[in-house]
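I have placed the structure first, in the form of structure tokens, so that the comments after it can refer back to it.
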Amino acid sequence: MTYGKRLILLMGIDTLIVMIAVFIGGYLIYNTEYIDSPIIIASSLSLVVFHHFFAYQFKLYKRVWQYASINELKEIFKAVTLSIIATVIMQQLFFDIIHKRTLVITWMLHILLIGGSRFAWRMYRDTFLKSHKNKKRTLIVGSGSAGTMVARQMMQGGESELTPVAFVDDDMTKKKLEIMGVPVEGPVHNIENIANELDIEHIVIAIPSLTRQELQRIYDECQKTNIRTQILPMIEDLLSGKVSVNEFRDVEVEDLLGRDPVELDIEGISESITNKTILVTGAAGSIGSEICRQISGFQPQKMILLDHYENGVYDVEMELQQKELYSELITEVSDVKDKEKMDTIFESYRPDVVFHAAAHKHVPLMEKNPEEAVKNNVQGTKNLAEAANEYGSETFVMISTDKAVNPTSVMGATKRIAEMVVQHMDTTSETKFVSVRFGNVLGSRGSVIPLFKKQIQNGGPVTVTHPDMVRYFMTISEASRLVIQAGALAKGGEVFVLDMGEPVKIVDLAKNLIKLSGYNIEDIGIEYSGMRPGEKMYEELLKDDEVYPEQIYPKIYIGQTYNINLFFNTVINGLSGLSKEELKVNLIEIANRQEQKVSQM
């Protein structure tokens, strides 16, 4: 039905209801004596006019009554009450008398009939137009506001394939109570028994405030049932309107390994980014692209997306253009190894802040191609740092890695030397040069997770290098936010270290992924392939004597800074002409030797 037809229908129904309410009220008080009196006729007409006026003011004709709730009832109460008050004033002004008892009865009938006409449609729709046949019997974990919302959406959404059967909640004061007719059956640790007793076919976790540890505990209980388990969308997606509350998603490994987000210093970040020109290298990569997404919300004047991968940087540009941006987007397809091009870009745009995320990060590949690691990670960083210095950038943030600490690989050694480049540049420049170290990023292209997922899809086995190997993990969005925060905190020369939480055994990660994919570990299998060249059993973020004991910001530490005096051109030039094996040995020796010299200062 169109809005116009719907409006005419509702106004007609309301007019009839108002007239009936007035005349029934008059009849009950005066029988037939005053039914056709001028005051009754005038009151009925004025009440009709006032009702339509206030119904329009409170948007009663624009509401979707199939979803009517207590809020709609409140608006009906306001509109009817004000209509009666206006009629009282009319009677006093024109007839110098107020029929109090008639108006009280009219007011009650008015609310009853208007409210009943609206809620009747919802009752009819919920009772007769919905079929619960072929719908999956669903257990909702959490009976708070989110769980109640989920249950209501299931009941009201005719297209939903789920129907709520019960809640579980650790709040024992709710046990055996009912919410919208759905019982609260017991605590989380009874999920398996409850699911069996009620023939549950689907589970939805509806507690947005869960910590990762609590989610892990609940998910472990759900896994005992072998029933598909889903959770609510991320709260930011709900608030932004990307998804609705009934668009549940599967539990991902990021949910179990990630951590609760830290609140950013919005004012400090805004001061360093808003209305500034920002350059992001490696903008097509996992971290670089997420940094672009995050800083776009702070309204920089210009955002320069630099990457040598043309399709990737194009995809990021198209994605950002879909947002309501107040920034000029500029894409540069170029390589940080090209010093002349880097100088041209800096001269043209004069970036205020540089986030340097471009790097070769694959450990085994860099063992085979050490010369490329030097060109990209060391020489590329040097090209950018020198250009930032020459063209007056305010801040230069290089993204480093935990593999730069006591490096045993070419990749780690080149990233440590790149840190030295950045620290050395800070001693000779007015630009604030800093590095940010963190570990593995969940879901990034270089992460082990996509490999494990592909192996699971192919039926297994999942290959793990060593049963005792551990790694630190962080989500892409958290790492990117903290990198931006570190840039705002920069004073120059720091090595910021992100708090990665507790290390995770790779074999435990593999087991979680297998379970999340709906398989048993025995079905897929896990094989140990042995450690690859350059790999370490565990990673470090800082040596014990290199880190200040307290965080300078939640989840951000700062390493001790030292006066590094290196002749980088001599070091880098000395690496040319070496064989691959000689180059690998020299890189690791230089990185570790300088670590020793630095720690002794």
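This one's a predicted model, so the numbers in the text were calculated from it and none came from an experiment. Heavy atoms only: backbone and side chains are in, while hydrogens, waters and symmetry mates are out.
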Compute whether any side-chain donor of one residue and acceptor of the other, for Tyr314 and Glu310, lie under 3.5 angstrom apart.
no
Please find the pair of heavy atoms, one from Val280 and one from Gly288, that lie closest to each other, and give the distance.
CG1-O, 3.7 Å
Is Val48 close to Met19 at the side-chain level, that is, under 4.5 Å between some pair of heavy atoms?
yes
Distance check, rounded to the nearest 0.5 Å: Tyr309 atom OH versus Asp315 atom CG?
7.0 Å
Are the side chain of Thr81 and the backbone of Lys78 linked by a donor-acceptor contact shorter than 3.5 Å?
no
Under 3.5 Å, is there a donor-acceptor pair linking the side chains of Asp14 and His51?
yes
By side-chain hydrogen bond (donor to acceptor under 3.5 Å, both in side chains), Glu317 pairs with (sequence neighbours left out) none
By side-chain hydrogen bond (donor to acceptor under 3.5 Å, both in side chains), which residues pair with His202, not counting sequence neighbours?
Gln230
Output all residues satisfying side-chain hydrogen bond (donor to acceptor under 3.5 Å, both in side chains) with Thr331, sequence neighbours left out; order by chain, then residue number.
none
For Asn190, all residues meeting side-chain contact (heavy atoms from CB on, under 4.5 Å), sequence neighbours excluded
Pro187, Asn193, Ile194
Looking at Phe95, I want to see if its CZ is surrounded by more than 12 non-hydrogen atoms of other residues, nucleotides or ligands under 6.0 Å.
yes
Applying salt bridge (charged side-chain N to carboxylate O under 4.0 Å, His left out) as the test, list every pair that has at least one member in residues 191-208; sequence neighbours left out.
none
Are Leu82 and Phe50 packed together at the side-chain level, in the sense that at least one heavy-atom pair is separated by less than 4.5 angstrom?
no
When rounded to the nearest 0.5 angstrom, what distance separates CD in Glu214 from CD1 in Ile205?
11.5 Å
Could you work out, with side-chain contact (heavy atoms from CB on, under 4.5 Å) as the rule, every residue matching Ile89, not counting sequence neighbours?
Ile85, Leu93
What's the shortest heavy-atom distance between Ala86 and Phe54, and which atoms?
CB-CE1, 4.4 Å
Rounded to the nearest 0.5 Å, how far apart are CG of Asp352 and NZ of Lys302?
10.0 Å
If you count the non-hydrogen atoms of other residues, nucleotides and ligands that lie under 6.0 Å from CD in Glu271, is the total more than 12?
no
Go through Ile191 and Ile203 one step at a time and tell me if the side chain to side chain contact (heavy atoms under 4.5 Å, CB included) criterion holds.
CA-CA 10 Å; Ile191 284 178; Ile203 299 175; 4.2 Å; yes
Is there a donor-acceptor pair under 3.5 Å between the side chain of Thr138 and the backbone N or O of Leu162?
no
Step-by-step side chain to side chain contact (heavy atoms under 4.5 Å, CB included) determination, Ile291 to Ile278
CA-CA 11 Å; Ile291 288 175; Ile278 312 297; over 6 Å; no
Are Val188 and Val141 close enough that some pair of their side-chain heavy atoms sits under 4.5 Å apart?
yes
State which residues pass side-chain contact (heavy atoms from CB on, under 4.5 Å) with Val104; sequence neighbours excluded, sorted by chain then number.
Met108
Ignoring hydrogens and angles, state whether a donor on the side chain of His52 or Thr15 is under 3.5 Å from an acceptor on the partner side chain.
yes
Pairwise side-chain contact, Cys292 with Leu320, heavy-atom cut-off 4.5 Å (strictly under)
yes
Between Ala488 and Gly268, which heavy-atom pair has the shortest distance, and what is it?
CB-O, 3.9 Å
In terms of relative ring orientation, are Phe396 and His356 parallel, tilted or perpendicular, with 30° and 60° separating the classes?
tilted
For the atom pair CG (Leu47) and OG (Ser83), what is the distance rounded to the nearest 0.5 Å?
6.0 Å
Would you name the heavy atoms of Phe167 and Gly147 that are closest together and state the gap between them?
CE2-O, 3.6 Å
Is the shortest side-chain heavy-atom distance between Met303 and Ile330 below 4.5 Å?
no
Do Ile304 and Glu332 touch side chain to side chain, with heavy atoms closer than 4.5 Å?
yes
Side-chain heavy atoms of Met180 within contact of Thr148, under 4.5 Å
yes
Residues in side-chain contact (heavy atoms from CB on, under 4.5 Å) contact with Val436, at least two apart in sequence or another chain:
Val397, Phe438, Val483, Ala486, Phe496, Leu498
Which residues pass the salt bridge (Lys or Arg N to Asp or Glu O under 4.0 Å) test with Lys323, sequence neighbours left out?
none
Spell out, as yes or no, whether a donor-acceptor pair under 3.5 Å connects the side chain of Ser327 to the backbone of Leu329.
no
State whether the side chain of Ser46 and the backbone N or O of Ser44 hold a donor-acceptor pair below 3.5 Å, judged by distance alone.
no
Please report the closest heavy-atom contact between Val353 and Ser272, naming both atoms and the distance.
CG2-O, 3.4 Å
Could you report the tightest heavy-atom contact between Ile399 and Ala357, atom names first, then the distance?
CD1-CB, 3.7 Å
For Asp96, check side-chain hydrogen bond (donor to acceptor under 3.5 Å, both in side chains) against everything at least two apart and list the hits.
Gln92
Filter on side-chain hydrogen bond (donor to acceptor under 3.5 Å, both in side chains), then keep only pairs touching residues 165-180, sequence neighbours left out; what's left?
Ser143-Asp169, Ser143-Lys174, Asp170-Arg217, Asp171-Thr173
Hey, is the main chain of Ala283 close enough, under 3.5 Å, to the side chain of Asp307 for a donor-acceptor pair?
yes
With side chain to side chain contact (heavy atoms under 4.5 Å, CB included) as the criterion, how do Trp107 and Phe77 come out once you've worked through the C-alpha distance, each side chain's angles and the decisive distance to 0.1 Å?
CA-CA 9 Å; Trp107 174 78; Phe77 175 85; 3.4 Å; yes
With heavy-atom distances below 4.5 Å as the criterion, would you say the side chains of Val182 and Val165 are in contact?
no
Roughly how far, to the nearest 0.5 Å, is the CE atom of Met149 from the CE atom of Met154?
12.5 Å
Between atom OG of Ser393 and atom CG of Leu279, what is the distance when rounded to the nearest 0.5 Å?
8.0 Å
With a 3.5 Å distance limit and no angle check, can you tell me whether Thr281 reaches the backbone of Leu306 through a side-chain donor-acceptor pair?
no
Show me the pairs that pass salt bridge (charged side-chain N to carboxylate O under 4.0 Å, His left out) and involve residues 283-300, at least two apart or across chains.
Glu290-Arg293, Arg293-Glu319
One pair to check against side chain to side chain contact (heavy atoms under 4.5 Å, CB included): Lys100 and Leu103. What are the steps and the verdict?
CA-CA 5 Å; Lys100 298 177 183 177; Leu103 289 174; 6.0 Å; no
